[in-house]
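Just follow the structure's listing: the first ligand is 1, and inside any ligand the first atom is 1.
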Amino acid sequence: MRLKVEKQILSANDAVAMQNRARLDATQVLAINVMASPGAGKTSLILATADRLPHGIRMAVIEGDLASRIDADLIATRGIPVTQINTGGTCHLDAPMIRAALDQLPLENVHLLFIENVGNLVCPAEFELGAHLAIVVASTPEGHDKPYKYPGMFARADAVILNKADLLDVLGFDMAYFERGLRMVNPAAPIFALSCRTGQGVEDWLAWLLRRLNHDEDSTAASA
Ligand code: MG
Ligand code: ZN
């Protein structure tokens, strides 16, 4: 019997994503691709996380936006290394954009890299960047039906943040319905209901993130 061997052809984007990952691994940086619709609170989550990082853990940020430096400037005021990508109309980040952004950052001196994707729940999910983790930031004002409407995005999340959780009751947000929708496409990702504004729930997300960071360092040490 003759087996047909199909050679796996990586897309040009995926090949660059693999190079990005190798570069991040070489400098022991854990990278997180942060995806969400506009206004869900990606930048707010990054800042709330930065405010609570244990002493000695340093982070950097890549900001992706269609236009403007508003978010990057806000992050820079905290003394966090940040580089802005303006996609000029492209509605997602891709791996070559990240490759160029990595050149601008002091990777040797940071442990965590947040990559804030363009606000869009569709195509950012389709472009590998080389990040280790992908998270989706949903928010209560968007409604509890988002996992049903954007299954591709929620399917690939390693964790789901539900921001603006201080408004759960006011908005009549149905948490059980939201979670059922998520579980239809993603059996394992934890949900962190939190509020970047009040700070409630942020510690649980941070604890999960730091466990991933430590795990990453352990496996790097074990393979060294
Ligand atoms: Mg933002
Ligand atoms: Zn796009």
Side-chain angles (χ1 to χ4, degrees), residues 10-17 20 31-53 59-102 104-105 110 112-131 133-142 146 149-157 159-167 192 194-199 201-202 205-206 209:
L10 292 175
S11 74
N13 183 79
D14 286 358
V16 176
N20 292 343
I32 302 119
N33 182 5
V34 184
M35 296 179 284
S37 52
K42 296 181 297 300
T43 310
S44 299
L45 180 74
I46 290 167
L47 290 172
T49 304
D51 287 345
R52 292 165 177 81
L53 274 187
M59 60 179 269
V61 179
I62 295 172
E63 272 296 327
D65 284 293
L66 296 177
S68 92
R69 288 193 48 86
I70 294 170
D71 289 348
D73 288 346
L74 189 60
I75 284 164
T77 61
R78 311 287 183 101
I80 298 166
V82 57
T83 185
Q84 176 79 54
I85 298 170
N86 281 144
T87 61
T90 302
C91 51
H92 57 267
L93 295 179
D94 63 26
M97 294 176 194
I98 299 304
R99 177 172 57 190
L102 291 178
Q104 313 292 321
L105 291 170
V110 302
L112 276 174
L113 171 64
F114 285 97
I115 302 171
E116 182 177 332
N117 219 308
V118 178
N120 171 0
L121 283 176
V122 187
C123 49
E126 293 158 20
F127 288 83
E128 291 295 336
L129 303 179
L133 298 172
I135 66 168
V136 176
V137 183
S139 67
T140 54
E142 296 169 66
K146 285 293 166 293
K149 292 186 172 176
Y150 301 94
M153 173 62 70
F154 283 88
R156 64 158 303 187
V160 173
I161 308 296
L162 181 64
N163 188 28
K164 310 183 192 180
D166 50 319
L167 302 177
F192 297 105
L194 55 78
S195 168
C196 294
R197 191 178 67 84
T198 68
V202 177
W205 143 251
L206 185 67
L209 179 64

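Rounding to 10 degrees gives 90° for the angle at the Mg ion (ligand 1) between OG1 of Thr43 and OD2 of Asp71.
Relative ring orientation between Trp205 and Phe114 is described as tilted, the plane-to-plane angle lying within the 30° to 60° band.
Here the side chain of Asn120 pairs a donor or acceptor atom with the backbone of Val122 at under 3.5 angstrom.
For residue Glu63, no N/O/S atom approaches the Mg ion (ligand 1) to within less than 2.8 Å. Among the atoms of Ser44, no N, O or S atom is found under 2.8 Å from the Mg ion (ligand 1). Here Asp65 does not reach the Mg ion (ligand 1): none of its N/O/S atoms is less than 2.8 Å from the metal.
The name of the N, O or S atom in His92 nearest to the Zn ion (ligand 2) is ND1. Nearest N/O/S atom of Glu116 with respect to the Mg ion (ligand 1) is recorded as OE2.
A donor and an acceptor atom, one from each side chain of Thr198 and Asp166, are nowhere located under 3.5 Å apart.
Counting heavy-atom neighbours within 6.0 Å of Ile70 CD1, excluding the residue itself, gives a total of 12 or less.
Across Pro96 and Asn13, no two heavy atoms sit closer than the pair CD-OD1, 3.6 Å.
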